[in-house]
Amino acid sequence: MKRILFMVIRLIYMVPYWFYKICKYGKSDCYTEEEKYDQLHSIMHRINRAGRVTIDAHGMENLPKKDGYIMFPNHQGLFDTLALFESHEKPFTFVVKKEMENVILVKQIIRLLKAQLMDREDLRQSMKVIAKMAQEVKDGRRYVIFAEGTRSRNGNKLLDFKAGTFKSAVMAKCPIVPVALIDSYKAFDTNSIKQVTVQIHYMEPIYYNDYKEMRTTEIAVEVKKRIEEKINQTYEKFKNY
């Protein structure tokens, strides 16, 4: 958490203005989804730089050029969404656990991006969120959902991916984009403000025709396997330099 405090101190003169802008854009229907996202995208770049975090992004060319899709990253820590916001050029929104709905700034970003709140203890409410998310993806929106359900708290090691999170993709018949986050936990989940590089790899999509015959449990295993392979390949490459 040292880095969060470090960021706030370095940017204290900008924080009130940014908070005002996020609130203003979030409350108004006068701005397009692109205009709202551009505000956040620009802010995150400044925040990450001030926090001595470099985002090393790869595979943006793999992202589908049109229509909606869902990204499924591994979940390492609190910094994950900041890496996504800086590196993903086009607007996207996300699914967040209901417990976050009243957290300062998170609440405002949820409203800005019209994100979905999911109550993991309420199956009926969760299914409504998944159905709404699927419809919005059909209409062209892009989503992020962390399939592990919670951060791994074990560095670059993954937890099992929850099959239920893939129901939204099956219902939307949309591309699934595996996303590998590497060393993201080092930003906020270690007690350090040393310079850190977070890698994010947008991998080749899995299209509906490729997974339509699979059960969601099988899809979950396949997406997790691809992300694990990317993380392992990346570390092997570093060893050879």
Side-chain angles (χ1 to χ4, degrees), residues 1-58 60 71 73-117 142-146 150-153 155-156 179-202:
M1 299 300 285
K2 268 188 179 179
R3 196 180 306 272
I4 296 176
L5 181 60
F6 180 67
M7 287 174 167
V8 172
I9 292 171
R10 293 196 69 184
L11 295 170
I12 191 66
Y13 66 100
M14 289 298 298
V15 169
Y17 174 70
W18 286 340
F19 188 76
Y20 163 75
K21 293 283 281 188
I22 289 172
C23 290
K24 177 185 175 183
Y25 275 65
K27 289 178 180 178
S28 176
D29 292 327
C30 297
Y31 304 100
T32 65
E33 186 176 27
E34 287 73 19
E35 288 172 328
K36 292 179 178 183
Y37 183 77
D38 285 348
Q39 284 291 319
L40 193 61
H41 181 69
S42 175
I43 290 169
M44 290 305 169
H45 178 71
R46 292 280 302 277
I47 288 174
N48 292 341
R49 186 170 59 183
R52 307 180 71 195
V53 183
T54 300
I55 307 299
D56 182 18
H58 302 264
M60 283 77 79
M71 294 176 280
N74 54 311
H75 195 9
Q76 294 195 352
L78 299 172
F79 186 80
D80 296 349
T81 49
L82 276 72
L84 287 157
F85 286 140
E86 179 175 336
S87 59
H88 195 278
E89 295 287 341
K90 294 181 179 180
F92 72 86
T93 189
F94 55 95
V95 176
V96 63
K97 58 185 180 181
K98 193 174 186 296
E99 294 88 331
M100 300 295 288
E101 68 178 325
N102 291 315
V103 176
I104 190 73
L105 188 56
V106 175
K107 176 181 179 179
Q108 285 72 31
I109 292 175
I110 288 171
R111 182 167 55 192
L112 178 75
L113 299 181
K114 294 182 179 178
Q116 300 296 324
L117 290 163
R142 306 167 193 89
Y143 264 88
V144 162
I145 186 166
F146 293 101
T150 187
R151 46 190 163 140
S152 69
R153 299 183 186 275
N156 291 304
V179 182
L181 285 160
I182 301 175
D183 291 342
S184 181
Y185 71 97
K186 292 181 179 178
F188 286 167
D189 293 78
T190 60
N191 199 27
S192 171
I193 59 171
K194 291 180 180 179
Q195 180 73 39
V196 63
T197 297
V198 173
Q199 289 192 47
I200 182 166
H201 296 262
Y202 296 98

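Both backbone and side-chain heavy atoms feed into the values below; hydrogens, waters and symmetry mates do not. Position 1 is the first residue of the sequence, and the numbers go up from there.
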- Item | Whether Lys36 side chain and Ser28 backbone form a donor-acceptor pair below 3.5 Å |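 Yes, because the side chain of Lys36 sits within donor-acceptor range (under 3.5 Å) of the backbone of Ser28.
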
- Are Thr54 and Gln195 linked by a side-chain donor-acceptor pair shorter than 3.5 Å?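 Present: a donor and an acceptor within the cut-off.
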
- Tell me yes or no: between the side chains of Asp56 and Thr197, is some donor less than 3.5 Å from an acceptor?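 Per modelled atom types, Asp56 and Thr197 side chains form no pair under 3.5 Å.
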
Could you grab the distance from atom [atom1] of [X] to atom [atom2] of [Y], nearest 0.5 Å is fine?
| X | Y | atom1 | atom2 | result |
| --- | --- | --- | --- | --- |
| Met71 | Leu84 | CE | CG | 6.0 Å |
| Thr81 | His75 | OG1 | NE2 | 8.0 Å |
| Lys90 | Glu33 | NZ | CD | 12.0 Å |
| Met44 | Leu82 | CE | CG | 4.5 Å |
| Asp38 | Ile43 | CG | CD1 | 11.0 Å |
| His41 | Ser87 | NE2 | OG | 8.0 Å |

[X] versus [Y]: any side-chain heavy-atom pair under 4.5 Å?
| X | Y | result |
| --- | --- | --- |
| Phe85 | Leu113 | yes |
| Gln116 | Tyr143 | yes |
| Phe146 | Val179 | no |
| Gln76 | Asn156 | yes |
| Ile110 | Phe94 | yes |
| Phe79 | Leu181 | no |
| Arg142 | Pro91 | yes |
| Arg3 | Val53 | yes |

- Task: If the plane angle is over 60° it's perpendicular, under 30° parallel, otherwise tilted; pick one for His201 and His58.
- Result: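 If you compare the ring of His201 with that of His58, the planes turn out parallel.
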
- Item | Any pair counted as side chain to side chain donor-acceptor pair (under 3.5 Å), so long as it reaches residues 96-105, sequence neighbours left out |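 Applying side chain to side chain donor-acceptor pair (under 3.5 Å) to every pair that reaches into residues 96-105, excluding sequence neighbours, yields Lys98-Glu101.
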
Considering only distance and modelled atom types, tabulate donor-acceptor pairs under 3.5 Å from the side chains of residues 4-26, sequence neighbours left out.
| residue | atom | partner | partner atom | Å |
| --- | --- | --- | --- | --- |
| Arg10 | NH1 | Ala50 | O | 2.9 |

- Which pair of non-hydrogen atoms, one from Lys2 and one from Asn191, has the smallest distance, and what is that distance?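 Minimum heavy-atom separation between Lys2 and Asn191: CG-OD1, 3.1 Å.
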
